There are 2 protein chains.
Amino acid sequence: MQTNPRIQGIVEKLKQAGCRITPQRLAILEVVTESRDHLTAEQIHALVAQRFPTTSLATVYKTVNLLRDEGELIELGFSGSAGTRYDGARPAPHPHLICVRCNRILDPEIRLFDELPGELTESYGYRILSHRIDIYGICPECQAAESRSQ
Amino acid sequence: MQTNPRIQGIVEKLKQAGCRITPQRLAILEVVTESRDHLTAEQIHALVAQRFPTTSLATVYKTVNLLRDEGELIELGFSGSAGTRYDGARPAPHPHLICVRCNRILDPEIRLFDELPGELTESYGYRILSHRIDIYGICPECQAAESRSQ
DNA sequence: GTTCGTGCAAATCCTTTGCAGCGAC
DNA sequence: GTCGCTGCAAAGGATTTGCACGAAC
């Protein structure tokens, strides 16, 4: 029995798209929508395994891609060691604040950006669909750790 | 004989860092700093091959990573089919306007962003190093192509 | 009962790496 | 002459795919 309205809505949408609601999909859905972190595929797999142990990594990938295509999850690809992260808690585009030392990702509160895309439509004729804003820096904890080790 | 001052400066910096200036590196340097496009590793390789035919893809990767570490080139990782792109023409962070149909990347003129990172230092204690801003949409040409094929 | 989804393993793609020989300095 | 750079081929990691079985509907 699922009481989270967001999840209920996604389940409805998936059903109407002709998708079946398997226990694996439900477990992945719960993990990605309820986590405040920005998880890797491996992390999602590990968390899902606690609730539904036999789920495979391949199924995790298939499901997050499905959710991404449905607009219910954001895929954040990074170059280098940070890899790909998934954000299912807040599917609308929003800025990310990323620590380059520990790779932690924060969601800062900035409204400014949301108005901006509109400007580009007039200037360049683009039809704006979404945007991605990443701010890279060093978090307070890592700054402290660095000054300690110097 | 190299007359481009930007390239001259990078060559100097590399020499002082103990790096050797090989013909391959110089050819790659010219390609990435002079192209207004946001090239893939394959594209860089193809363009360099015109000037210095025996250059390998591995050397392209090694050199762009070197330039990235020196801060002379920006690496733009995308998830999905767009892959990784390199921008050596404008090494300072700046917004990108990306067509989701043809994957073309434009550099829109927006100053607004440059002031913003400072705000985050006070609010979250992060030491801001750089940022990345991507706006996704459909370019005028692809919009026209789509309305034609409907 | 019919599909569709799953899980496994293999395949694929992109990027990095180990190493022998070459070339910049 | 030394040591870093190159190019090859092989390794590596992340993600996708093909297929037979099992499960949702």
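Order of the sequence lines sets the chain letters (A, B, ...), proteins ahead of strands, with each chain counted from 1. Every value quoted in this text rests on a predicted model; they were computed, and no experiment measured them.
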Nearest-Å distance, [atom1] ([X]) to [atom2] ([N])?
| X | N | atom1 | atom2 | result |
| --- | --- | --- | --- | --- |
| B:His45 | D:dT6 | NE2 | C1' | 12 Å |
| A:Leu76 | D:dA14 | CG | P | 17 Å |
| A:Phe52 | D:dG22 | CZ | C1' | 12 Å |
| B:Arg68 | C:dT15 | CZ | P | 11 Å |
| A:Ile44 | D:dT15 | CD1 | C1' | 13 Å |
| A:Leu29 | C:dG5 | CG | P | 14 Å |
| A:Lys15 | D:dA24 | NZ | P | 12 Å |
| B:Leu26 | D:dG4 | CG | C1' | 17 Å |

**Report entry** side chain to side chain contact (heavy atoms under 4.5 Å, CB included) assessment of A:His96 paired with A:Asp107
**Finding:** CA-CA 5 Å; A:His96 292 104; A:Asp107 291 352; 3.2 Å; yes

Report task. Determine, stepwise, if the pair A:Glu70 / A:Ile10 fulfils side chain to side chain contact (heavy atoms under 4.5 Å, CB included). Result -> CA-CA 9 Å; A:Glu70 292 291 330; A:Ile10 299 175; over 6 Å; no

With respect to the side chain of [X], which nucleotide from [options] is positioned closest?
| X | options | value |
| --- | --- | --- |
| A:Ala58 | D:dT6, C:dG5, C:dA9 | C:dA9 |
| A:Tyr61 | C:dT15, D:dT16, C:dG7 | D:dT16 |
| B:Leu57 | D:dG7, C:dC25, C:dT15 | C:dT15 |
| B:Gln24 | D:dG7, C:dG5, C:dT15 | D:dG7 |

Requested in this report: May I ask you to check if A:Arg132 and A:Phe78 form a cation-pi contact, with NZ or CZ under 6.0 angstrom from the six-membered ring centre and within 45° of the axis?
Outcome: yes

Report task. Find which nucleotide of DNA chain C each of A:Ser56 and A:Gly18 is nearest to by heavy atoms, and output the residue with the more 5' nucleotide. Result ->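 That would be A:Gly18.
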
Query raised in the report: Just wondering, more than 12 heavy atoms not from B:Glu42 lying within 6.0 Å of its CD?
Result: no

Contact list (N/O, under 3.5 angstrom) for nucleotides 20-24 of chain C vs protein:
residue	atom	partner	partner atom	Å
C:dG23	N2	B:Arg20	NH1	2.4

Query raised in the report: Are any of A:Thr54's side-chain N or O atoms less than 4.0 Å away from OP1 or OP2 of C:dG7?
Result: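 Yes, because at least one side-chain N or O of A:Thr54 sits under 4.0 Å from OP1 or OP2 of C:dG7.
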
Query - N/O (side chain, B:Asn65) to phosphate O (OP1/OP2, C:dT15) under 4.0 Å - result: no

**Report entry** Side chain B:Thr63, main chain B:Thr59, donor-acceptor under 3.5 Å
**Finding:**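 Confirmed, B:Thr63 side chain pairs with B:Thr59 backbone.
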
Requested in this report: Answer with yes or no whether B:Lys62 presents, from its side chain, a donor or acceptor under 3.5 Å of a partner atom in the base of D:dG4.
Outcome: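 No pair found.
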
